[in-house]
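Accompanying notes for the structure given below.
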Protein chains: 2
Amino acid sequence: MATTRERIITATAELFRRQGYNGTSLKQVTVAAGAPFGSLYHGFPGGKEELAEVVIEASGAAYRELFEVIADAAPDAVTAVGDFFDGAALVLEETDYVDACPIGTVALEVASTNDRLRRATERVFASWLEAATVRLRAAGVAPGEADDLALVLVAAIEGGFMLSRAARSPEPMRAAGRQVRRLVAASIAAAPVAAAPGTGT
Amino acid sequence: MATTRERIITATAELFRRQGYNGTSLKQVTVAAGAPFGSLYHGFPGGKEELAEVVIEASGAAYRELFEVIADAAPDAVTAVGDFFDGAALVLEETDYVDACPIGTVALEVASTNDRLRRATERVFASWLEAATVRLRAAGVAPGEADDLALVLVAAIEGGFMLSRAARSPEPMRAAGRQVRRLVAASIAAAPVAAAPGTGT
DNA sequence: GTCTATAATTTGATAGAC
DNA sequence: GTCTATCAAATTATAGAC
């Protein structure tokens with residue numbers, strides 16, 4: 001069994017994903033974590049805001065790790081993109097459309113209401129974008145275009161989560177994946193030196 | 001001055017856009033609308049949930065109308081797509097990243113917690129998708145591909161709002177627009193009968 | 001009918017017993 | 001140090017005065 005602090009973080013991440021920041025009460029958190037109420041303020045003296053910041057960072061790092069694992073397992077960048085979207089669509093179906101992006105809902109909730117948490121989500125997105133950009137450049141995409149593609153990749157995933165959860169259908173996520181894959185494939189094909197890793201920098 | 005009911009709906013839409021469903025209290029709504037507290041329950045006996053459903057529907061219809069206006073004003077579908085994203089990016093900048101999609105935040109908040117409101121967001125997204133699909137088909141995109149493109153278009157806009165608001169930068173929205181425009185242009189170019197409106201049905 | 005005052009519950013947060 | 005009992009404030013919702 002993990003430490004109390006870790007259980008609280010895990011439980012909060014799960015609740016944020018399902019019902020967001022404002023929709024999650026600290027009582028729910030402690031019940032879900034199997035921890036007494038006081039231990040929350042022992043581990044997180046800053047209360048809900050501090051807990052949320054830690055959860056955003058932890059969830060962001062975990063999701064980035066997942067991205068890296070999928071990218072490593074795929075034979076090429078285009079396949080990796082498809083795998084990522086299809087994997088997200090599958091998980092959505094299997095979890096009754098609950099297991100989506102761990103920070104998307106929170107990001108929108110806090111964007112104009114809590115600058116500390118907004119910055120935490122900004123850092124997470126920047127981290128994901130950087131990971132995607134590195135992979136795309138390694139696949140032969142021109143630097144400037146790799147930035148663009150990474151942005152539309154992450155945006156389409158987040159929007160795919162939104163539409164798929166609202167419609168309770170994996171199709172939006174799958175369709176977004178097909179189209180983004182098409183974009184990446186076109187960019188790699190149009191690159192000066194295609195599929196030549198290491199030529200970037 | 002509009003009726004009390006209309007002022008309440010407008011004020012709620014504005015607050016939902018900024019801070020979401022759970023982050024908005026009914027007291028805030030009545031203060032913003034300049035209406036006494038009791039008139040809220042007079043106009044919306046179902047309380048917060050009923051009000052939210054009405055606001056989701058109204059905001060969705062207004063946003064769809066905006067889409068139609070932009071599409072009508074543009075010389076062609078590819079330009080319309082670019083205008084829509086660029087317009088959204090510009091409005092974000094001008095409104096300190098507050099004036100984004102009126103239902104995106106709410107859609108994520110209620111997706112797994114309130115089925116009535118989830119269905120309301122589902123209907124709105126379906127309406128937008130239909131509007132986009134009709135335009136894309138009229139521009140010469142093959143029916144099946146038009147559905148895909150409409151999905152990635154809406155998903156990229158929603159994701160663009162999320163990333164741009166989190167980073168307080170118009171670039172994610174602009175980048176998403178560039179790439180979606182590229183997709184639409186490619187699909188129109190690849191269509192059997194390009195730019196022949198009315199060939200559909 | 002329009003609106004003020006209040007009820008019942010839940011929230012984030014704390015104090016103090018073990 | 002760990003946890004229970006409680007606080008003050010805010011929330012949705014309602015009752016009843018004008």
Side-chain angles (χ1 to χ4, degrees), chain A residues 1-57 103 105-106 108-110 112-118 120, chain B residues 1-56 105-106 108-110 112-118 120:
Chain A
M1 175 108 62
T3 71
T4 298
R5 180 184 175 86
E6 288 167 344
R7 289 205 317 280
I8 288 176
I9 293 173
T10 304
T12 306
E14 171 75 15
L15 289 166
F16 277 5
R17 187 160 57 186
R18 190 181 310 232
Q19 51 198 16
Y21 177 75
N22 292 312
T24 299
S25 76
L26 296 183
K27 179 157 179 61
Q28 276 184 304
V29 167
T30 52
V31 168
F37 193 75
S39 64
L40 195 153
Y41 281 89
H42 173 242
F44 305 89
K48 192 178 188 180
E49 189 178 10
E50 179 183 342
L51 170 60
E53 187 173 33
V54 172
V55 166
I56 289 166
E57 287 166 352
I103 72 157
T105 310
V106 178
L108 286 179
E109 284 181 284
V110 304
S112 302
T113 59
N114 186 317
D115 205 57
R116 177 180 174 187
L117 297 184
R118 190 217 104 225
Chain B
M1 173 107 61
T3 70
T4 298
R5 180 184 175 87
E6 287 167 346
R7 289 205 317 279
I8 288 177
I9 292 173
T10 303
T12 306
E14 172 74 15
L15 289 166
F16 277 5
R17 187 160 56 185
R18 190 181 309 233
Q19 50 199 17
Y21 178 75
N22 292 312
T24 299
S25 77
L26 295 184
K27 179 157 180 57
Q28 277 185 304
V29 168
T30 53
V31 169
F37 194 77
S39 65
L40 196 152
Y41 281 91
H42 173 244
F44 306 89
K48 192 176 189 181
E49 190 178 8
E50 179 183 341
L51 169 61
E53 187 174 32
V54 171
V55 167
I56 290 166
T105 309
V106 177
L108 286 179
E109 284 180 284
V110 305
S112 301
T113 58
N114 186 317
D115 206 56
R116 178 180 173 186
L117 296 184
R118 191 216 102 227

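Every chain is numbered from 1, with letters handed out A, B, ... down the list of sequences.
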Where along residues 30-44 of chain A does a heavy atom fall under 4.0 Å from DNA chain C? A:F37, A:Y41
Counterpart residues, side chain to side chain contact (heavy atoms under 4.5 Å, CB included), relative to A:Q19 (two or more places apart): A:L15, A:T24, A:Q28, B:T113
Between A:E109 (side chain) and A:N22 (backbone), is there a donor-acceptor pair under 3.5 Å? yes
How close or far is atom C1' of C:dT11 from atom CD of A:E49, stated in whole angstroms? 16 Å
Separation of atom CG in B:L26 from atom C1' in D:dA10, rounded to whole Å: 12 Å
Write down the distance between NZ (B:K27) and P (C:dT6), rounded to a whole number of angstrom. 14 Å
To the nearest Å, give me how far apart CG (B:L15) and P (D:dT11) are. 12 Å
Heavy atoms of other groups near A:R118 CZ, more than 12 under 6.0 Å: yes
Specify the separation, in whole Å, of atom CG of B:N22 and atom P of C:dT11. 11 Å
Rounded to the nearest angstrom, tell me the gap between atom CG in B:L51 and atom P in D:dT11. 15 Å
Within the 4.5 Å heavy-atom criterion, are B:L26 and B:L51 side-chain neighbours or not? yes
So do the side chains of A:E57 and A:E53 get within less than 4.5 Å of each other, counting heavy atoms only? yes
Ignoring hydrogens, what is the shortest heavy-atom contact between A:Y21 and A:A52? Give both atom names and the distance. CE1-CB, 3.4 Å
B:Q28 CD to D:dT12 C1', in whole Å, measures 14 Å
Using whole Å, report how far CD of B:E50 lies from C1' of D:dT12. 14 Å
